[in-house]
Amino acid sequence: MNKIVSKENLSEKVVKFEIEAPLIAKSRRAGHFVIVRVGKKGERIPYTIASSNPEKGTITLVIQNVGKSSQKVCQLEVGDYVTDMVGPLGKATHIEKFGTVICAGGGVGVAPIFPIIEAMKKAGNRVISIIAARTKDLVILEDEIRKLSDEVIIMTDDGSYGKKGLITQGIEEVIQREKVDLCVTIGPAIMMKFVSELTKKYDVPTLASLNTIMVDGTGMCGACRVTVGGKTKFVCVDGPEFDAHQVDFDEMLMRLRAYS
Amino acid sequence: MPTQEYLKTERAQEWREALRKTMRNKERTDIPRVKMPEVDPEIRSHTYDEVNKGLSVEQALNESHRCLDCVDPTCITGCPVEINIPKFIKNIERSEFLEAAKALKETSALPAVCGRVCPQEKQCESQCFYTLKLNKPAVAIGHLERFAADFERESGNISIPDIAPANNIKIAVVGSGPAGLAFAGDAAKMGYDVTVFEALHDLGGVLRYGIPEFRLPNEIVDVEINGLKKMGVKFETNCIIGKTISQENLKADGFKGIFVGSGAGLPNFMNIPGENLIGVMSCNEYLTRVNLMQAADPDSDTPVHIGKKVAVIGGGNTAMDGVRTARRLGAEKAMIVYRRSEEEMPARIEEIKHAKEEGIEFLTLHNPLRYEGDEKGRVQRMLLQRMELGEPDASERRRPVAIEGDTVWVDVDEVIVSVGVSPNPLIPSSFSGLEVTKWGTIVVNQDTMQTADETIFAGGDIVRGGATVILAMGDGRKAAKAMDEYMRGQKSEGQ
Ligand SMILES: Cc1cc2nc3c(=O)[nH]c(=O)nc-3n(C[C@H](O)[C@H](O)[C@H](O)COP(=O)(O)OP(=O)(O)OC[C@H]3O[C@@H](n4cnc5c(N)ncnc54)[C@H](O)[C@@H]3O)c2cc1C
Ligand code: FES
């Protein structure tokens, strides 16, 4: 049982929680995730750890209120408990000084890319953050991301804020303008597929953080499997980040529809 | 382990002598073997109730008379933990059922579990005098074991073992499967301060997430775990050793010894085309959804495919559990696809029998080559290769060989892959100081279960790479004893 110590609505559909989890706060690094379960009949759902405070013994999760299970989490209030939480899971992001790094997060991917922006910046990279949303009201964590990035590009589908267009347009603009050493992308699978196709064209090494269906999150079931470079990998233990140019996104998109 | 001396003394006790004289051996061997009362196959293929109902007192008494209390009880040699089998059965015969349960507990930490899931026909019952010399069905040792353990539990008189005074030495156990539970019980008895860490949100390992309730009700596992709690064992769920708490932090927290019972949780796939289609999944995923996450309960948030034409690939206990679960969830056609013949199947004979009674089809000597899906990527049919048996291979089972050109398409809407598991890599990949084989199992000294790091012991599937509940339990007990000796040695050295 982990207690919720603060709750903030970042947008109509996005909630930020600070939750007590001293052991996880101590051992987590950028890229790690946790599995959360609410209620005895609840599902086990993976969420990226957005940040942590080891002194206070808390971690921060940013949760998009889509679907039945995340709704259950979002209904919790300060002082409530999540039934189960386990982590940190997955492999931490490989952080080093690459040079210029694009961090491209769209929709659900903005929160999980936040800790990577932070760690990449700390390692001395020039960080260009590109965040994309459907419309202005759905742009989240902008201030936090501005503080940590050398440049921020905001893209909205409807042009209500930042530039009008898709995330790939923002990325292409930067790649055409200057040398980019690495691109990290997190978001809906279809978006990562297009980002990957684009950066492949320009030969920019790209990491994608995959959000497949999971059950245990510890490598026990294979629900999360994807094909990377022709081989089956388990996202929860071998990932969540993979060389985007090797990922079979079409298969991943298909598998994401397994229960819909 | 019982010595010959001990077995002899026990057998020479007055009450046993007297009991043997109450009936002639001829009369004993004329009694037919008891039949386990079962729920009707038609009813049980739609419910999750336990299939075996357990022996009545009368049936158990009757069966116990079949045991001849042999001078040389060969059955014991067939038992991986050498339960004093005649002693517990003769206690049943004299109606001392609680004494019988006590006799089981001298060597077995989980008799109610083992009575239900042990492959007795390959162990004790294969070495029974009836099997070896009389060519008659063995004494139903497994059924009697279950009877005594259940009687004790239902009587509410579960004996809590004597516990040595606390020695304040902290021991960590990784994993709450049978290996970890057995270790924890014995270490607690010896006075250690034991904490069991479990990665999942519920305790029991395979006993919880793998073996279905129609074979091993959760209640049985709960009782065992509650017993350990009463003995002072602490449990931490949602805690992955090597991730949530590192090896170094365990040490820093004052844990002087570690027992690793992390199991063989990593499911194998066959790496054939179409294996990632929707509706194809590992048996671990299927059983975890249904057992741990209760996906079949309409109130549960976790979904599960309800296949109408389900194929389960494999011939082990896991495969039988998968296919019988699919049947219960509503499969009209539920099939086992196995590349060898029924004779080579590793599953318990009782499971195969139960599966057949429940209408499971057996496609033996068939091996999947590929799966094909519809436009949405849902599995639709599978191509099977017909096989025949060739020469025996390393496992001494006859090797299946493909019959060139003989293939067949079979329609399916769900495929459950149950072709074995590999050792859970979490500990081998995050601990230093261990020796690990190329298969990913942890190397131990066979007599002590001690690893290359002398403070770390290991047992169960993480050492054997997939075995049985009783072997895992036996390892746990052996390790507890050896760790105690090691700790005592350390203490006297330190003085
Ligand atoms: C479906 C199925 C049916 C079976 N049927 C039978 C049968 O009929 N008879 C029989 O004898 N055997 C059967 N077996 C085999 C038997 O269950 C296993 O051999 C036995 O459970 C192994 O016990 P264990 O304690 O080594 O591991 P497990 O039972 O696998 O337990 C390991 C536990 O450790 C946890 N863990 C792993 N890593 C960590 C970590 N780093 N930190 C914390 N926790 C961790 C896991 O979550 C798990 O709960 C069956 C197996 C399956 C899957
Ligand atoms: S979620 Fe089960 S193996 Fe990855």
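Below, all heavy atoms of this structure are taken into account, side chains as well, without hydrogens, waters or symmetry copies. Quick note on labels: first sequence line is chain A, next is B, and so on, each numbered from 1.
Between Thr218(A) and Lys243(B), the closest side-chain pair of non-hydrogen atoms is not below 4.5 Å.
Looking only at heavy-atom pairs under 4.5 Å with chain A, the residue among Pro267(B), Ser429(B), Ser300(B) that has the most is Pro267(B). Note on Ser69(A), Gly219(A), Ala21(A): by heavy-atom pairs under 4.5 Å with chain B, the leading option is Gly219(A). Considering only heavy-atom pairs separated by less than 4.5 Å from chain A, the leading option among Thr237(B), Ile278(B), Leu292(B) is Ile278(B). No other option in Asn424(B), Ile240(B), Thr244(B), Thr302(B) has as many heavy-atom pairs under 4.5 Å with chain A as Thr244(B). Contact tally against chain B (heavy-atom pairs below 4.5 Å) for Gly222(A), Gly217(A), Pro88(A): the top residue is Pro88(A). For chain A, the option among Gly373(B), Pro303(B), Ser282(B) with the highest count of heavy-atom pairs below 4.5 Å is Pro303(B). In terms of heavy-atom pairs under 4.5 Å with chain B, the best-connected choice from Arg28(A), Glu251(A), Arg257(A) is Glu251(A). Residue with the most contacts toward chain B among Arg44(A), Met220(A), Lys68(A): Met220(A) (heavy-atom pairs, distance under 4.5 Å). Between chain A and the residues Leu287(B), Leu277(B), Asn271(B), the most heavy-atom pairs under 4.5 angstrom are made by Leu277(B). Here Leu266(B) is the residue among Val421(B), Asp202(B), Leu266(B) with the most heavy-atom pairs under 4.5 Å with chain A.
The contact between Arg37(A) and chain B is made entirely by side chain atoms (from C-beta outward), counting heavy-atom distances below 4.5 Å. Of the atoms belonging to Ile35(A), not a single heavy atom falls under 4.5 Å from chain B. Using a 4.5 Å cut-off between heavy atoms, Tyr286(B) does not touch chain A at all. Heavy-atom distances place no part of Val417(B) under 4.5 Å from chain A, backbone and side chain included. Proximity to chain B is absent for every atom of Lys231(A), based on heavy atoms less than 4.5 angstrom apart. Interface remark: Ser27(A) contributes side-chain atoms only to the contact with chain B (heavy atom separation under 4.5 Å). Proximity to chain A (any heavy atom under 4.5 Å) is restricted, for Ile245(B), to the side chain, taken from C-beta onward.
Within a 6.0 Å radius of CZ in Arg378(B), more than 12 heavy atoms belonging to other residues, nucleotides or ligands are found. Within 6.0 Å of CD on Glu12(A) lie no more than 12 heavy atoms contributed by other residues, nucleotides or ligands. The neighbour count for Lys308(B) NZ, taken as heavy atoms of other residues, nucleotides or ligands under 6.0 Å away, is above 12.
Taking CZ of Arg289(B) as the start and CG of Asp216(A) as the end, the distance is 10.0 Å to the nearest 0.5 Å. For the atom pair Lys40(A) NZ and His201(B) NE2, the distance stands at 7.5 Å (nearest 0.5 Å). Summarising the geometry, atom SG belonging to Cys221(A) is positioned 8.0 Å from atom CG belonging to Asn284(B); distances are rounded to the nearest 0.5 Å. Atom OG1 of residue Thr232(A) and atom CE of residue Met270(B) lie 13.0 Å apart, to the nearest 0.5 angstrom. The distance from atom CG of Asp84(A) to atom CG of Leu200(B), rounded to the nearest 0.5 Å, is 10.0 Å.
Between the side chains of Arg225(A) and Asn276(B), a donor-acceptor pair is found at a separation under 3.5 Å.
No donor-acceptor distance shorter than 3.5 angstrom exists from the side chain of Lys376(B) to the backbone of Met254(A), with no hydrogens or angles considered.
Nearest approach of Lys26(A) to Asn249(B), heavy atoms of both residues: CE-ND2, 4.0 Å.
When the options Thr83(A), Val86(A), Ile24(A) are evaluated for a side-chain contact (heavy atoms from CB on, under 4.5 Å) with Asn238(B), the one that passes is Val86(A).
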